[in-house]
Each structure stands twice: as C-alpha cells, then as structure tokens.
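Whatever order the structure lists ligands and atoms in, that order sets their numbers, starting from 1. Since the model is a prediction, treat every value here as computed from it, not as a measurement.
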Amino acid sequence: MTVTPAAPPQSVTVRVPAKVNVQLAVGGRRPDGFHDLANVFFAVALGDEVTATPADTLRITVSGPDADQVPLDGSNLAARAARLLAHRHGRTPDVHLHIAKDIPVAGGMAGGSADAAAALVACDALWGTATPLDVLLDLAAELGSDVPFALLGGAALGRGRGEILEPLPVGADVHWVFAVADGGLSTPAVFRECDRLRDEAGTGSDTDAVPDPQPDPALLDALAAGDTAALAAALTNDLQAAALSLRPALADTLRAGADGGALGSLVSGSGPTCAFLAKDAESAAAVADALAASGTCRAVRVTHGPVPGAHITAVVR
Ligand code: C5P
C-alpha cells in the first residue's frame, strides 16, 4: 500500500488564552533587571486567534477593537516568534500572521505573549517542523517571561522570572469578570514603580533586601480543591500597589466590583485590567452589570477558566 503524504497546509489557526495571576509574589530586582517571582498563572477563556498562511515575507495583520494599538513592525512579539522558530530550523520566516485580537492590549493579561505562543504553534504546523514541546518552551522563554505559560495553559506556578513552570491542579471551573481600563500600563514601568515604592518605604528593592518570593500554600490548596471562596480570600498581587500608584482610579474599579458582589478582586498582573472572582455564573453577571453601571472602566468581560494553552483549531489543506 502506498501512503500519499498529506499536502502542506494552506493555513493553520491557533487559539490562545489570556492569563490572570491569582498570586504574584515579586522578589527583589536582580542584577539583570528582572525580578524573581512566585507567579501562579491561571488561563481564562478570553483569547486571541492567530492564523498563519504562506507569504513571500513575514507580514503581520491585526483585527479586533484594539487592533490599532498593536505594533505591526519587527517589535511585534508574534513576528519575533516566527523569526526565532524559522532561525532554529534554518529557514526563512515567510509567513503571514493574522491576529484576531480579543485580549486587552497592554492590559496585564499577557496578550502579546499569548500571540507569540500562538505564532510558534501555528508556524510549526504550517512549516511541518515538528518542534518538540520542550524546545518550544525554551524558545518561548527567550521571547518573554509569560510566553511559556501561554503554551501550557491551565494553571501553573511560574518561578524564576516566570518562565520555569510547574503545572498545578485546579478542582473546579472558576467564573471571572474583567474590567478593561482606558489605555494600557507598561510592564517595565510597573516593576520600576514597585522598586521605587520599596525604596521609598525604606525596605530596599534588590535581591538582598527583599525576601525570596514563595507560593502561598493556602492558595495552592484552594485551587486544587476548587474552593472558590478560599481562592478569593488568598488572591494577592505584589504589583497592585505599583499599578494603583500609577493609576489611582483603579481603586474605584476594584471597589465597584466588590460592591457588585465579587468574592475577591485584584489587579491582573501589571494592570490596568482588574479581575474579579465570582461565586457562579449568575453572580458574575451581577458583578459585570455593577462594573458597567459604575462608569469606572472601558469594557467588562465575563469569562471562566482554567482553559488549555495555545492549540490548533483549524488546518486548511
Ligand atoms: O519578560 P518580558 O519581556 O515579558 O518582561 C517585560 C519587562 O517586565 C522586563 O523588561 C522587566 O522590566 C519586567 N519584568 C521583571 N521581572 C520579571 C518579568 C518582567 O522585572 N520577572
């Protein structure tokens, strides 16, 4: 029997989730400028889609409400991902990547990192390069601290600068509401503000002065047990004070969600998106209504998690 090899794909589409950090413990500033973290990532059903098709040269297009805020030049993280994977396999990055953008831009939900992870998976399938997962994870870590988690999805503890991952069990589907702010916050600026606040408080901001960040056992137990109330009580983000210092109005958003009945609330990553944990779908809808009525945010999104990392949803041959 002769087996005809499958024709190379004409396009590959990958779906990739946004993340919220249910714990973000930030250590001191390292000599390389990064901060060691104990970072509990949680992937939510709000996501982007990246479609890769053959092209003469590397090209990026973006659609969606925030499309005009996404850089289309070589600094785009998805473009860098395509170049890195191509280089690894000694080929040219001759691909058109279309990003259907739904994750808030510069929102603290790792949208750019998600697109990079999706680009790695989409290009790998389009080019037939069959890159093993451990190599994809290494390439992802080269691209950014949050990119490996976007490949993995689910929930995971991130150590180092966030790129060293240990998958975590989650015992229940969790309902989330996100309040999207007007305009983004720069992640490096928020880390710098965290250091400045520590210096101002007299505690110091480098690795000698700040205790090593550790995961909270109560939070990991709550996640594993699917105990939403205990998870809500354990939510923490060491970058929250810095995000609030740069954007004081976020305190009004956090209050509006709490008043609307959220079990717990925090700034997502480096912000400015605020995340609210709800008891169930009905309560999530009520929190969303309260946030929308408060006028303290640009948009409100209701979602849930955990969900899988970057995965192929369509291949056209
Ligand atoms: O790794 P990534 O490129 O996403 O990081 C963006 C910026 O965020 C870094 O340049 C650094 O300023 C800051 N950062 C940090 N410590 C981390 C992760 C990010 O200081 N663990």
Query raised in the report: So is Gly33 close enough to ligand 1, meaning a heavy atom under 4.0 angstrom away?
Result: yes
Report task. Check each atom of ligand 1 against the heavy atoms of Ser145 and keep those under 4.0 Å away; list them by number with element. Result -> 1 (O), 2 (P), 4 (O), 18 (C)
Query - Ionic contact status for Asp66 with Lys101, cut-off 4.0 Å - result: no
Report summary line: Counting from 1 in the order shown, the ligand 1 atoms closer than 4.0 Å to a non-hydrogen atom of His35 are 15 (C), 16 (N), 17 (C), 20 (O), 21 (N)
Query - Thr61 and His96: side chain donor to acceptor below 3.5 Å - result: yes
**Report entry** Within-shell test, Leu37 vs ligand 1, heavy atom, strictly < 4.0 Å
**Finding:** yes
Report task. Assess Arg301 against Phe178: is NZ or CZ under 6.0 Å from the centre of the six-membered ring, and within 45 degrees of the ring's axis? Result -> no
Query raised in the report: What is the nearest protein non-hydrogen atom to atom 7 (C) of ligand 1, stated with its residue, atom name and distance?
Result: Pro188 CG, 3.8 Å
**Report entry** side-chain contact (heavy atoms from CB on, under 4.5 Å) assessment of Asp94 paired with Trp127
**Finding:** CA-CA 10 Å; Asp94 42 5; Trp127 297 337; 4.0 Å; yes
Requested in this report: May I ask you to list the atoms of ligand 1 that are less than 4.0 angstrom from any heavy atom of Gly144?
Outcome: 1 (O)
Query raised in the report: Going by distance alone, is a donor N or O of one side chain under 3.5 Å from an acceptor N or O of the other, for Thr187 and Ser270?
Result: yes
Query raised in the report: If you draw a 6.0 Å radius around CZ in Arg159, do more than 12 non-hydrogen atoms from other residues or ligands fall strictly inside?
Result: yes
**Report entry** Nearest-neighbour protein heavy atom for atom 9 (C) of ligand 1, which is reported as residue plus atom name and distance
**Finding:** Phe34 CE2, 3.7 Å
Query raised in the report: For Leu157, which of Leu165, Leu219, Val40 qualifies under side-chain contact (heavy atoms from CB on, under 4.5 Å)?
Result: Val40
Query raised in the report: Looking at Thr187, which atoms of ligand 1 are within less than 4.0 Å of one of its heavy atoms?
Result: 8 (O)
Query raised in the report: Identify the closest protein heavy atom to atom 19 (C) of ligand 1: which residue and atom is it, and at what distance?
Result: Phe191 CE1, 3.6 Å
